[in-house]
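Step one of this worksheet: look at the structure below.
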Amino acid sequence: EKSSETEETSDWRDWKPPWNGSVEEDSRGLASRVWHELHTVERPTAAQTTKGLLAASSSINHSLSVIEVGGCDGDWAKTNDPVQELLRNDNVRAMVLEPVPKLWKELSERLHTLHGADRRLLALNAALCVKPGAAVPFYVVSQQFAVDYPDSEHWVLRELGSFNRRHLRRHHIPNKYIETINVPCVAPQQLFEQSLSPIGHDASAVDALVVDAEGLDGELVLSTLAIKSFRPALVVFEQKHIPRKELERVLAELRKLHYVHWREGDHMVALLAAHSGNPSDEQQQQQQWQQQQQQQ
């Protein structure tokens, strides 16, 4: 979806403590390696961060495991999808969720044009939800809208699907163009129970989580991180539709779990690279680390 925010040098959504060595929770050391390179950059982009993660994994001969929620149709030339570079790489395994059948079919077809797709990429026709469900009402822009307004942007025609009908109305979609479909919902734990999944069944093996869920992003990030072993090096999610109080709660939980985080346009980017969830602790540890470096 088209970005609506401009970049600023500082933002209440940012928490970017200086790099302070490796972090125990970052078991493969990927986030620490990326943050070592980016912590002095004023506002790293999500694309920069994903490329850094790929480079870090290559340096230790590790293949990345990625979950993307809300893959849309895979037409990356028309979207701001931050993970597209990862999916093209032969050393990346990914599960990409898309609940709308028509979009899922196009996504699946596009993924299969990528090298090694059969063994490393899976397009799953489902939505990620807090609770599972076989047929949950979901609201999309009808195909008639594209007929009547053929010059509409891609994000209007294809990226506004939501479990909340009001989300489409807030984007000025008339009621007559809002279609209700039933979609399957999988709960976070079920992501690791899919047969023939390229990411396997071990939640601790996932390196990146990317969520674009049209306002439900924060809720889904928290419910997925509630799996104790699920601590991806990188988390990216769309923040612009999340109310401030809810977003503050999500960011507080990310800090508690040792993630640094910052806003990049409509996204939040988080790396598992903080020694403490307490900013004052981070400052003290950074001073101690600097003193140790000077003594060496």
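The first residue in the sequence is number 1, and the count goes up from there.
From Leu251, atom CG reaches atom CD of Glu246 across 10.5 Å, with rounding to the nearest 0.5 Å. Rounded to the nearest 0.5 Å, atoms CG (Asn89) and OG (Ser58) are 6.0 Å apart. Rounded to the nearest 0.5 angstrom, Phe230 CZ and Ile67 CD1 are separated by 4.5 Å. Note: Met268 CE to Asp266 CG = 11.5 Å, rounded to the nearest 0.5 Å. To the nearest 0.5 Å, the span separating CG on Leu97 from CG on Leu128 amounts to 6.5 Å. Taking CZ from Arg166 and OH from Tyr139, the interatomic distance works out to 10.0 Å, rounded to the nearest 0.5 Å.
At distances below 3.5 Å, not a single donor-acceptor pair connects side-chain atoms of Arg170 with backbone N or O atoms of His172. For His267 (side chain) and Ala46 (main-chain N/O), no donor-acceptor pair under 3.5 Å exists by modelled atom type. The main-chain N or O of His62 is never found under 3.5 Å from a side-chain atom of Asn91 such that the two would form a donor-acceptor pair. A distance-only check finds a donor-acceptor pair linking the side chain of Arg120 to the backbone of Leu87 [under 3.5 Å]. At distances below 3.5 Å, at least one donor-acceptor pair connects side-chain atoms of Trp19 with backbone N or O atoms of Ser32. Side-chain atoms of Lys131 never come within 3.5 Å of backbone atoms of Cys185 as a donor-acceptor pair (strictly under, hydrogens ignored). Arg231 contributes no side-chain N or O that, together with a main-chain N or O of Asp207, makes up a donor-acceptor pair within less than 3.5 Å. The backbone N or O of Leu107 lies less than 3.5 Å from no partner atom in the side chain of Asp73, so there is not a single donor-acceptor pair. Within the 3.5 Å criterion, the main-chain N or O of Leu216 finds no donor-acceptor partner in the side chain of Glu219. Within the 3.5 Å criterion, the main-chain N or O of Ser108 finds a donor-acceptor partner in the side chain of His112.
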task = Check the pair Glu106 / Lys102 against salt bridge (Lys or Arg N to Asp or Glu O under 4.0 Å), numbers first and verdict last.
result = CA-CA 7 Å; Glu106 293 181 29; Lys102 174 180 170 60; 3.4 Å; yes
task = Quick one: do Leu271 and Asp26 satisfy side chain to side chain contact (heavy atoms under 4.5 Å, CB included)? Show the steps, please.
result = CA-CA 9 Å; Leu271 282 168; Asp26 180 26; over 6 Å; no
key: Check against side chain to side chain contact (heavy atoms under 4.5 Å, CB included), Trp262 and Thr49   = CA-CA 11 Å; Trp262 66 94; Thr49 311; 3.5 Å; yes
Verdict with reasoning, Asp90 to Arg119, per salt bridge (Lys or Arg N to Asp or Glu O under 4.0 Å) = CA-CA 10 Å; Asp90 201 40; Arg119 62 175 172 78; 2.7 Å; yes
Verdict with reasoning, Leu257 to Glu25, per side chain to side chain contact (heavy atoms under 4.5 Å, CB included) = CA-CA 8 Å; Leu257 296 176; Glu25 289 77 10; over 6 Å; no
request  = Applying side chain to side chain contact (heavy atoms under 4.5 Å, CB included), run through Leu124 and Gln194 and close with a yes or a no.
outcome  = CA-CA 9 Å; Leu124 184 65; Gln194 302 298 315; 3.7 Å; yes
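Between the side chains of Arg13 and Gln239, at least one donor-acceptor pair of N or O atoms lies under 3.5 Å. With 3.5 Å as the limit, one finds a donor-acceptor pair spanning the side chains of Arg255 and His261.
Residues Ala208 and Pro232 approach most closely at N-CB, 3.8 Å, considering heavy atoms. Across Pro188 and Cys129, no two heavy atoms sit closer than the pair CD-O, 3.3 Å. Summarising the geometry of Phe138 relative to Ser162, their closest heavy-atom pair is CZ-N, 3.3 Å, with the distance given to 0.1 Å. In this structure, Cys72 and His154 approach most closely via the heavy-atom pair SG-CE1, 4.0 Å. Looking at every heavy atom in both residues, Phe145 comes nearest to Ser152 through CE2-OG, 3.4 Å. Contact detail for Leu53 and Ala233: the closest heavy-atom pair is CD1-CB, 4.0 Å.
Residue Ile227 is grouped with residue Leu222 when hydrophobic side chains (ILVMFWY) are merged at heavy-atom distances under 4.5 angstrom, including chains of intermediate members. Hydrophobic clustering (side-chain heavy atoms under 4.5 Å, transitive across Ile, Leu, Val, Met, Phe, Trp, Tyr) groups Trp155 together with Ile178. When hydrophobic clusters are built by joining Ile, Leu, Val, Met, Phe, Trp and Tyr residues whose side-chain heavy atoms come closer than 4.5 Å, directly or via intermediates, Leu191 is grouped together with Leu122. By the criterion of side-chain heavy atoms lying less than 4.5 angstrom apart, applied directly or through intervening Ile, Leu, Val, Met, Phe, Trp or Tyr residues, Val235 is grouped together with Phe192 in one hydrophobic cluster. Placement of Ile60 and Val92 within a single hydrophobic cluster is found when ILVMFWY residues are connected by side-chain heavy-atom separations under 4.5 Å, directly or transitively.
Glu193 is listed as a side-chain neighbour of Gln190, based on a closest heavy-atom distance under 4.5 Å. Between Val156 and Tyr149 the shortest side-chain heavy-atom distance does not fall below 4.5 Å. Between Val269 and Leu234 there is a side-chain heavy-atom pair separated by less than 4.5 Å. Between Leu254 and Trp15 the shortest side-chain heavy-atom distance does not fall below 4.5 Å. The shortest distance between side-chain heavy atoms of Leu168 and Glu214 does not fall below 4.5 Å. Looking only at side-chain heavy atoms (C-beta outward), Leu272 and His258 come within less than 4.5 Å of each other. Counting only heavy atoms from C-beta outward, the side chains of Val183 and Trp104 never approach each other to under 4.5 Å. Taking 4.5 Å as the limit, some side-chain heavy atom of Leu54 sits within range of a side-chain heavy atom of Leu86.
Aromatic ring pairs are classed by plane angle as parallel below 30°, tilted from 30° to 60° and perpendicular above 60°; the pair His167 and His241 is perpendicular.
Annotation for Asn175: atom CG counts as buried by contact number, over 12 foreign heavy atoms lying within 6.0 Å. Surrounding CD of Glu109 are more than 12 heavy atoms belonging to other residues, nucleotides or ligands, all under 6.0 Å away.
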